[in-house]
Every structure is written in structure tokens, then in C-alpha cells.
Trainee: 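I'd like to ask some things about the structure below.
Atoms considered below: every heavy atom in the structure, side chains included; atoms not considered: hydrogens, waters and symmetry mates. What you are looking at is a predicted structure, and each value in this text was computed from that prediction instead of being measured. Proteins get letters first, then strands, A, B, ... in listed order; numbering begins at 1 in each.
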2 protein chains.
Amino acid sequence: MVDLELHVSLPDTGVQTGIYAKFFHGLSNPTRLRIVETLLDGERSVSQLVQTLGATQSQVSNQLACLKWCGYVTSRQDGKYVLYRISDPRVRTLLQLAREIVADNAEHIQCCTRM
Amino acid sequence: MVDLELHVSLPDTGVQTGIYAKFFHGLSNPTRLRIVETLLDGERSVSQLVQTLGATQSQVSNQLACLKWCGYVTSRQDGKYVLYRISDPRVRTLLQLAREIVADNAEHIQCCTRM
DNA sequence: TCTATATATTAAGATATCATAATATGTTAT
DNA sequence: ATAACATATTATGATATCTTAATATATAGA
């Protein structure tokens with residue numbers, strides 16, 4: 001079980017912060033983000049995601065594994081399919097909030113040409 | 001000026017999604033996340049951040065540049081210091097929301113051992 | 001101007017991530 | 001059991017990111 005004591009606005013030694021950094025890392029890849037966006041529309045099988053995203057099966061499976069580790073998605077077996085869904089409704093809120101922030105700061109955002 | 005038409009729950013070709021992915025990338029590094037958390041407590045100079053985080057000056061400057069590109073922080077010169085601050089109050093909400101999601105899914109979160 | 005201090009930038013090696021391809025596992029139906 | 005399909009895993013090389021060290025720029029004060 002992970003230590004989840006929260007240190008809201010105090011920087012810590014980096015241990016707990018690392019968990020949140022990894023959590024955000026989950027959404028830091030276009031393919032993963034598109035998977036999450038697709039799943040926000042409802043449950044999907046891996047092959048459906050492959051077709052929708054135009055990505056390879058391996059790519060989708062691997063990114064789904066990552067999203068699962070990070071707690072964004074959950075899966076269940078349905079016959080020969082595996083259906084994935086968003087594990088927490090607040091993920092939608094998180095994405096909407098990010099969109100609003102990006103939209104309102106558009107003129108300042110170029111995003112990390114360097115580093 | 002960046003194209004910011006929003007395609008809320010439709011996966012796109014990856015172009016717009018890429019912007020959001022890069023935005024989240026801003027918070028996907030422990031050092032950057034700690035910088036953001038520190039700045040949520042108020043404006044700080046680079047050297048203050050260096051001391052608080054125990055990171056090198058180069059590291060902090062580089063990560064601040066990244067956060068600036070991503071739209072998280074803004075800076076102003078104050079004498080020989082450069083003071084950084086969070087550019088949008090909703091960044092706090094974003095982090096709080098992430099904490100809540102992580103906390104409530106703790107048992108599922110290991111975070112990307114692979115990939 | 002010269003010096004000290006603060007910050008930014010750049011370069012280079014180490015590490016992490018990603019895409020691709022190949023292979024393995026699992027499920028269903030014959 | 002075998003074949004066909006769906007998904008997961010692993011390995012490899014390419015690319016991106018991070019850390020460290022070195023250097024450059026900027027500001028303030030003597």
C-alpha cells in the first residue's frame with residue numbers, strides 16, 4: 001500500500017511528489033491521452049481502440065498497461081475481448097480543467113522546445 | 001497563435017492532443033512538480049527555489065523554462081532576482097484534483113513499472 | 001569599470017521512453 | 001485438440017529527457 005499522506009503546498013523530499021509526477025506522466029503522451037479521451041465516450045475493446053486511433057495493437061496494449069498502472073483505466077474480460085473503461089469519473093474533470101487552462105493561456109504556450 | 005478548437009471526447013489526429021500531452025508533460029517530472037507546488041505558496045526567486053528544492057541552479061532554471069513554455073509559470077525581474085509565480089489559479093485546482101484521484105485509487109496505482 | 005551575485009543557456013553523457021517487430025498467452029469455435 | 005482471433009509481453013533500436021558541468025548573460029554595487 002502506497003503512503004498517501006498529502007503535503008498540499010509544501011515541497012517534500014520528492015518521494016511522494018514522484019507518485020503524482022508519474023500520475024501526470026500517464027497523460028503526457030498523445031497516444032495515451034487519445035485513449036483516455038476515447039474511453040471517456042464509453043467502454044472500448046483493445047481492437048476498437050486500435051482501429052479508432054490507427055495505432056498498432058502492441059502500442060495500444062502497452063499504453064493501456066501504463067494507464068492501468070497509473071490508475072486511469074480498469075479492464076474486464078468480455079468473451080474474447082478485453083474492455084477498458086475510465087476508472088474514475090474525475091478524470092474527465094481533470095482533462096476539462098487542463099483544456100480550459102491551456103485555452104486561456106494559449107498565447108504563452110509553446111511547450112518545451114527545449115528540455 | 002495556436003489552434004485551440006476543442007474536440008472534447010473525440011480522438012483527433014494527434015495534433016491538438018499533442019498540445020495537451022505536452023501540457024501534462026509539464027507536471028510529469030518530480031522537480032517541476034515540486035517547483036509548481038512551492039510556487040503555489042507564493043512567488044519565489046530562482047535561488048530560493050534552488051535552496052528549497054536542493055536542486056542545482058541549472059536544473060531549476062531549465063525546468064522553470066519548461067514550465068514557462070507550458071504556461072504554468074510567469075516571471076518578472078526584481079532587481080537582480082527573477083521572481084516566478086503560478087500563471088493561472090486553476091493550476092492549484094488541477095493538482096488538488098489529481099491528488100484526490102490518486103488517493104482514491106491508491107490500491108490500483110503502481111505507476112508504469114514498464115514503459 | 002570591475003567584481004560579485006543571480007540567472008540563463010548550452011553541451012555531453014546517462015537514462016528513460018517510444019515505436020516496431022516478434023513472440024507468448026488467452027479465448028472461442030470447430 | 002486444433003485453428004483463428006484477441007490481447008499481452010518482450011526485445012531492440014531510435015528518440016527524447018534528464019543530470020551534470022561549463023559557459024554566457026544580466027544586474028547591482030564598489
Trainee: Could you say whether Ser58(A) or Leu64(B) is positioned toward the 5' end of DNA chain C, judged by the nucleotide with the nearest heavy atom to each?
Mentor: Leu64(B)
Trainee: In whole Å, what is the span from the CD atom of Gln59(A) to the P atom of dT12(D)?
Mentor: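 Whole-Å distance recorded here is 20 Å.
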Trainee: Rounded to the nearest Å, what distance is computed from the CD1 atom of residue Ile35(A) to the C1' atom of nucleotide dA8(D)?
Mentor: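 Nearest whole value for this atom pair: 14 Å.
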Trainee: Assign each of Gln77(A) and Asn29(A) to its nearest nucleotide of DNA chain C by heavy atoms, then name whichever residue's nucleotide is nearer the 5' end.
Mentor: Asn29(A)
Trainee: Using only side-chain N and O atoms of Tyr84(B), determine if any of them is under 4.0 Å from OP1 or OP2 of dA6(C).
Mentor: no
Trainee: What is the distance, to the nearest angstrom, from the CZ atom on Arg76(A) to the P atom on dA6(D)?
Mentor: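 In whole Å, dA6(D) P and Arg76(A) CZ are 17 Å from each other.
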Trainee: Would you mind reading off the distance between Lys68(A) atom NZ and dT9(D) atom C1', rounded to a whole angstrom?
Mentor: 13 Å
Trainee: Counting any heavy atom closer than 4.0 Å, what does Ser45(A) reach on the DNA or RNA strands: base, sugar-phosphate only, or nothing?
Mentor: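 Sugar-phosphate contact only.
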Trainee: Check every atom of dT9(D), dT7(C), dT17(D) against the side chain of His25(B) and return the nucleotide holding the closest atom.
Mentor: dT17(D)
Trainee: Nearest whole angstrom, please: distance from the P of dA6(C) to the NZ of Lys80(B).
Mentor: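 Answer to the nearest Å: 5 Å.
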Trainee: Run the side-chain contact (heavy atoms from CB on, under 4.5 Å) check on Leu64(B) and Arg32(B) step by step: do they pass?
Mentor: CA-CA 7 Å; Leu64(B) 280 170; Arg32(B) 284 195 295 270; over 6 Å; no
Trainee: Rounded to the nearest angstrom, tell me the gap between atom CG in Leu83(B) and atom P in dA6(C).
Mentor: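 Going from CG in Leu83(B) over to P in dA6(C) covers 13 Å.
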Trainee: Are Ile86(A) and Leu97(A) connected in a single hydrophobic cluster, I mean Ile/Leu/Val/Met/Phe/Trp/Tyr linked by side-chain heavy atoms less than 4.5 Å apart?
Mentor: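 Yes; tracing contacts between hydrophobic side chains, which count when under 4.5 Å, links both residues.
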Trainee: Minimum heavy-atom separation for Thr38(B) and Arg44(B), please, with both atom names.
Mentor: CG2-NE, 3.8 Å
Trainee: Measure OH/Tyr81(A) against C1'/dG26(C) and give the value in whole Å, please.
Mentor: 14 Å
Trainee: In whole angstrom, give the distance that lies between atom CD of Gln57(A) and atom C1' of dG26(C).
Mentor: 12 Å
Trainee: Check this one for me: any side-chain N or O of Ser47(A) less than 4.0 Å away from OP1 or OP2 of dT7(D)?
Mentor: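 Yes.
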Trainee: Is there a donor and acceptor pair closer than 3.5 Å between the side chain of Asn62(B) and the base of dT10(C)?
Mentor: yes
Trainee: When you check the gap from the basic side-chain N to the acidic O, do Arg99(A) and Glu37(A) get nearer than 4.0 Å?
Mentor: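 Salt bridge present between Arg99(A) and Glu37(A).
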Trainee: Mind running side chain to side chain donor-acceptor pair (under 3.5 Å) on Gln57(B) and Ser61(B) for me, showing each step along the way?
Mentor: CA-CA 6 Å; Gln57(B) 182 269 321; Ser61(B) 270; 3.1 Å; yes
